[in-house]
Enquirer: 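Just passing along the structure, written as structure tokens.
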Amino acid sequence: MADTEKNTTPALIPKAQLDAFKTLISEKIKKFRRKRRKNKIGAIIVQVLLILFSFGTTVLIGWKIGTKDENIKDGLINIALVLSTLATALTALDKFFDYKPFWIMYGVSISKLELVEAKLSMLVPNADGAVDGAAFDAVFKEFESVCGLMSSFYNEVRSGE
């Protein structure tokens with residue numbers, strides 16, 4: 001007797017389960033939007049500060065002031081060194097938090113989840129509000145795929161691979 005895979009997908013998915021899944025998708029999209037915004041702000045702040053600190057370092061080191069006072073010149077060089085150190089620390093901070101890759105990946109995941117949400121809304125319910133189990137299962141698998149991809153990406157980036 002050959003082993004056959006049993007179909008465990010119910011014929012119909014009740015309206016309550018459909019509504020719960022719609023809520024789950026909506027909440028996941030909101031969560032990803034918050035995280036995307038946080039990472040976008042972090043990436044922008046780090047990049048702007050890196051530019052300002054690097055610019056400031058270059059200007060202060062190359063600034064030829066018309067004074068014979070060595071204290072002023074030494075002070076400007078010391079400030080330039082501090083700015084250079086801050087730029088280096090920000091570079092390490094940016095690499096540690098990986099703002100930009102997460103900003104991009106959360107955006108991609110949001111787009112994919114919105115597509116899943118649209119596909120779910122296209123399922124035609126019967127009079128009781130239930131939908132075809134096989135069609136629902138296909139949409140649910142897409143949802144799992146998007147969440148799994150984001151989780152894998154997160155683990156990959158955080159583990160440094």
Side-chain angles (χ1 to χ4, degrees), residues 8-9 13 15-123 131 135-161:
T8 57
T9 303
I13 301 297
K15 183 178 181 340
Q17 188 175 350
L18 182 66
D19 290 342
F21 185 49
K22 285 179 181 178
T23 301
L24 178 65
I25 293 171
S26 178
E27 291 301 315
K28 187 66 82 171
I29 289 171
K30 286 178 189 174
K31 179 181 176 183
F32 282 6
R33 280 191 177 132
R34 281 191 307 270
K35 289 184 175 197
R36 178 184 64 178
R37 186 170 191 273
K38 181 188 95 166
N39 283 286
K40 178 182 178 181
I41 290 169
I44 291 170
I45 288 172
V46 167
Q47 291 305 311
V48 166
L49 289 175
L50 275 172
I51 290 167
L52 289 175
F53 292 162
S54 298
F55 174 78
T57 300
T58 304
V59 168
L60 290 175
I61 287 176
W63 198 358
K64 303 289 184 202
I65 53 174
T67 181
K68 303 254 187 231
D69 189 356
E70 288 299 315
N71 289 334
I72 292 175
K73 289 179 183 178
D74 289 343
L76 291 177
I77 290 173
N78 287 338
I79 292 170
L81 289 172
V82 168
L83 291 178
S84 177
T85 302
L86 289 172
T88 303
L90 272 176
T91 302
L93 179 77
D94 186 39
K95 181 61 184 154
F96 180 76
F97 287 110
D98 290 309
Y99 291 116
K100 189 174 181 181
F102 280 114
W103 168 23
I104 293 166
M105 192 60 181
Y106 278 119
V108 169
S109 295
I110 289 166
S111 295
K112 288 181 179 183
L113 286 175
E114 287 172 341
L115 182 60
V116 169
E117 194 173 44
K119 287 180 179 181
L120 188 63
S121 71
M122 298 302 288
L123 298 180
V131 296
F136 177 86
D137 196 42
V139 173
F140 186 78
K141 283 183 177 161
E142 283 188 54
F143 173 78
E144 284 182 317
S145 174
V146 172
C147 292
L149 181 66
M150 188 64 218
S151 180
S152 295
F153 177 78
Y154 185 91
N155 291 334
E156 182 181 311
V157 170
R158 288 295 180 233
S159 67
E161 295 176 5

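For clarity, every value in this text was computed on a predicted model and none was experimentally measured.
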Enquirer: Measuring from D94:CG to L50:CG, what's the distance to the nearest 0.5 Å?
Expert: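 Atom-to-atom, D94:CG and L50:CG are 7.0 Å apart.
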Enquirer: How many angstroms lie between atom CG of D98 and atom CE of M105, to the nearest 0.5 angstrom?
Expert: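 The distance works out to 13.0 Å.
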Enquirer: Can you tell me how far the CD1 atom of I44 sits from the OH atom of Y99, to the nearest 0.5 Å?
Expert: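 I44 CD1 to Y99 OH: 12.5 Å, rounded to 0.5 Å.
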Enquirer: Around K95, counting heavy atoms of other residues, nucleotides and ligands shown, do more than 12 lie under 6.0 Å from its NZ?
Expert: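 Incorrect, the count does not exceed 12.
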Enquirer: How long is the gap from OG1 on T91 to CD on Q47, to the nearest 0.5 Å?
Expert: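 Separation between the atoms: 8.0 Å.
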Enquirer: Closer than 3.5 angstrom, by distance alone: can the side chain of S54 be matched with the main-chain N or O of I51 as a donor-acceptor pair?
Expert: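 No: the side chain of S54 does not pair with the backbone of I51.
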Enquirer: Going from OG on S145 to NZ on K141, what distance comes out if it is rounded to the nearest 0.5 angstrom?
Expert: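 The OG atom of S145 sits 11.5 Å away from the NZ atom of K141.
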Enquirer: If the plane angle is over 60° it's perpendicular, under 30° parallel, otherwise tilted; pick one for Y154 and F102.
Expert: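 Y154 and F102: tilted rings.
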Enquirer: Is the side chain of S151 donor-acceptor paired with the backbone N or O of C147 at a distance under 3.5 Å, no angle test?
Expert: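 Such a contact is absent between S151 side chain and C147 backbone.
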Enquirer: Report the relative orientation of the aromatic rings in F21 and F140; use parallel for angles under 30°, tilted for 30 to 60°, perpendicular for over 60°.
Expert: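 Ring orientation, 0 to 90° scale: tilted.
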Enquirer: For residues 23-38, which side-chain N or O atoms pair as donor and acceptor with protein atoms under 3.5 Å away, sequence neighbours left out?
Expert:
{"residue": "T23", "atom": "OG1", "partner": "D19", "partner atom": "O", "Å": "3.0"}
{"residue": "R33", "atom": "NH2", "partner": "E114", "partner atom": "OE2", "Å": "2.3"}

Enquirer: For residues 77-90, run the donor-acceptor check on the side chains, cut-off 3.5 Å, and write out each pair with its distance to 0.1 Å, sequence neighbours left out.
Expert:
{"residue": "N78", "atom": "ND2", "partner": "D74", "partner atom": "O", "Å": "3.3"}
{"residue": "T85", "atom": "OG1", "partner": "L81", "partner atom": "O", "Å": "2.9"}
{"residue": "T88", "atom": "OG1", "partner": "S84", "partner atom": "O", "Å": "3.0"}

Enquirer: Please report the interatomic distance OH(Y106) to CZ(F153), rounded to the nearest 0.5 Å.
Expert: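 It comes to 9.0 Å.
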Enquirer: Taking it one step at a time, do L120 and L18 satisfy side-chain contact (heavy atoms from CB on, under 4.5 Å)?
Expert: CA-CA 9 Å; L120 188 63; L18 182 66; 3.5 Å; yes
